[in-house]
Protein chains: 2
Amino acid sequence: MGKREINRDEKRQLIVTTARHLMQVRDVSDFSMRTLAEVAGVSSATPYALFGSKQAVIAAVMDIDFADFMAALTAEPNQGFDVFFSLVDITAELFEKNPSYYRTGAQAIQATSDQTLSSHFSLPRHGLLKDLVSEAIERGEICDQINPDSLALNLGHQFYGWIQAWAKDTVNLPDMVARSKYGLGLGLAAVATPASRAQLLEQVLAIQATLPEAGALKSRLTPNRKQEAVS
Amino acid sequence: MGKREINRDEKRQLIVTTARHLMQVRDVSDFSMRTLAEVAGVSSATPYALFGSKQAVIAAVMDIDFADFMAALTAEPNQGFDVFFSLVDITAELFEKNPSYYRTGAQAIQATSDQTLSSHFSLPRHGLLKDLVSEAIERGEICDQINPDSLALNLGHQFYGWIQAWAKDTVNLPDMVARSKYGLGLGLAAVATPASRAQLLEQVLAIQATLPEAGALKSRLTPNRKQEAVS
DNA sequence: AACAAAACTAAAACGTGTTTTAGTTAGATC
DNA sequence: GATCTAACTAAAACACGTTTTAGTTTTGTT
């Protein structure tokens with residue numbers, strides 16, 4: 001690697017580090033490319049030259065965390081279906097530590113229309129889920145007629161959706177956790193082998209008891225505000 | 001209603017009609033507030049005075065369709081769990097007739113951070129699903145320990161997610177249908193009474209057989225394009 | 001008819017993400 | 001060491017959603 005590439009990578013690093021810092025400290029709306037360039041002491045054209053878009057910068061920033069995430073997950077002892085619930089818990093713990101950071105990230109990922117970018121995120125996470133499902137099948141907890149790929153995609157899809165809802169402030173963090181677990185629990189209970197199904201369903205019902213009414217998804221929803229009949 | 005309100009409503013109608021037309025005819029990216037105002041022969045400040053935001057305009061436009069949707073749905077004979085699948089089919093048929101229109105709409109809904117707006121959409125749809133679940137419980141197809149509200153929210157959440165994925169062009173329409181049915185089928189199978197569960201699971205497995213690999217979610221995903229190692 | 005209030009217009013302005021242009025710097029190559 | 005070239009800069013520009021300002025109709029009220 002010549003000095004050219006080294007400088008290039010250093011500048012990349014500088015931008016990513018600065019972006020990460022800004023995402024953590026400032027409000028979501030304050031993170032503009034102009035301020036990023038300014039704080040990083042770099043022309044506002046440079047991030048575009050090096051990354052291509054704002055979302056790509058954020059993607060690069062959030063890539064750093066996936067390693068931590070995997071570490072945290074594999075550190076937990078995985079028994080039965082609880083692995084899936086742990087996945088949700090660990091994610092929520094991360095989110096709690098750095099809400100504005102992850103909010104910015106999640107929103108950026110979903111705002112992008114770039115296939116490469118979003119799959120850059122979804123694919124490794126999908127791979128993880130797929131492995132977990134496969135292992136559950138091997139343990140005889142999930143019926144072996146199930147395609148791990150399809151089930152994992154469905155579970156990931158649900159979870160991802162609730163993450164987005166949290167990022168958009170439609171649900172708070174505890175509800176996001178509960179609703180995700182409820183969804184994952186249902187999906188798994190549908191295909192669980194008879195031996196493990198009963199216990200899982202009980203867990204799901206326990207979660208259900210904690211769920212708020214959908215109409216009151218966000219309690220600060222003000223019903224009579226500018227309702228302006230439209231049709 | 002005085003002439004003031006009448007004029008106001010007429011102008012509203014004019015803007016909504018024009019917006020609807022533009023969303024159908026033009027490309028998604030071509031639908032800007034400036035062109036809307038221009039085509040409607042109206043100042044670009046007017047839509048903001050009357051609706052508040054671009055998303056609110058689009059919301060008003062799409063409100064028209066919900067009635068059609070309900071009509072199409074209730075026209076079908078509803079037997080067993082097929083109601084839920086019909087829901088997906090009918091939606092897909094609408095989408096197929098006017099892709100760019102619904103794409104614009106779906107994207108606008110999800111881009112908004114306005115609680116009032118998004119719940120203006122989600123709530124009636126949620127109510128519909130909730131009714132369907134309640135009826136299924138009454139028919140003895142779904143275990144009565146299940147809270148219709150929670151289950152309906154979960155089913156709607158999944159479906160909504162796949163609609164968004166279609167709007168973002170992450171899945172094509174047939175896959176969106178299949179993945180939605182797969183998700184709904186799983187969620188329902190988890191809580192189905194023993195009598196109806198077996199048949200439903202068979203349907204789900206049949207759908208599973210049609211699902212593409214997740215890695216190949218979109219066949220035109222070009223793997224080697226600007227992959228630029230990030231970490 | 002006179003006045004007040006609301007509705008609307010035209011145009012400019014702001015802050016975005018992003019691209020473009022033209023010029024400069026620094027590494028690689030001969 | 002001279003030269004080529006990729007990387008970078010600074011600054012302007014574009015299109016967008018949105019807001020603001022100031023002026024003009026249109027409507028309802030006295």
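In what follows, every chain begins at residue 1, and chains take the letters A, B, ... in the order their sequences are listed.
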Length of the line joining [X]:[atom1] and [N]:[atom2], which is rounded to integer Å:
{"X": "A:Phe51", "N": "C:dT19", "atom1": "CZ", "atom2": "P", "value": "15 Å"}
{"X": "A:Glu38", "N": "D:dC8", "atom1": "CD", "atom2": "P", "value": "20 Å"}
{"X": "A:Asp9", "N": "C:dG27", "atom1": "CG", "atom2": "P", "value": "15 Å"}
{"X": "B:Lys54", "N": "D:dT19", "atom1": "NZ", "atom2": "C1'", "value": "17 Å"}
{"X": "B:Glu10", "N": "D:dT26", "atom1": "CD", "atom2": "P", "value": "14 Å"}
{"X": "A:Tyr48", "N": "C:dT18", "atom1": "OH", "atom2": "P", "value": "4 Å"}
{"X": "B:Arg12", "N": "C:dC8", "atom1": "CZ", "atom2": "C1'", "value": "15 Å"}
{"X": "A:Ile58", "N": "C:dT16", "atom1": "CD1", "atom2": "P", "value": "14 Å"}

Closest to side chain of A:Ser32, choosing from C:dT18, C:dT16, D:dG17: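 Between C:dT18, C:dT16, D:dG17, the one nearest the side chain of A:Ser32 would be C:dT16.
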Going by distance alone, is a donor N or O of one side chain under 3.5 Å from an acceptor N or O of the other, for A:Asn154 and A:Gln158?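 Yes.
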Which residues pass the side chain to side chain donor-acceptor pair (under 3.5 Å) test with [X], sequence neighbours left out?
{"X": "B:Tyr48", "value": "none"}
{"X": "A:Lys11", "value": "none"}
{"X": "B:Thr17", "value": "none"}
{"X": "A:Asp131", "value": "none"}

Beyond-backbone contact of A:Asp169 with A:Arg103, side-chain heavy atoms, under 4.5 angstrom: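 Answer yes - side chains close enough.
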Identify the two heavy atoms, one from B:Val61 and one from B:Val16, that lie closest to each other, and give their separation to 0.1 Å.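 Heavy-atom minimum between the residues: CG2-O, 3.6 Å.
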Using the ring of each side chain (for Trp, its six-membered ring), is B:Phe95 parallel, tilted or perpendicular to B:Tyr102, with breaks at 30° and 60°? tilted
Pick out the pairs of N or O atoms, protein on one side and nucleotides 10-12 of chain D on the other, that lie under 3.5 Å.
{"from": "D:dA10", "atom 1": "N7", "to": "A:Ser43", "atom 2": "OG", "distance (Å)": "3.3"}

Expected rows: protein N/O vs nucleotides 3-7 of chain D N/O, under 3.5 Å:
{"from": "D:dT5", "atom 1": "O2", "to": "A:Arg4", "atom 2": "NH2", "distance (Å)": "3.1"}
{"from": "D:dA6", "atom 1": "O4'", "to": "A:Arg4", "atom 2": "NH2", "distance (Å)": "3.4"}

Where the side chain of A:Ser44 meets the backbone of A:Glu38, is there a donor-acceptor pair that is under 3.5 Å apart?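 Answer holds: no.
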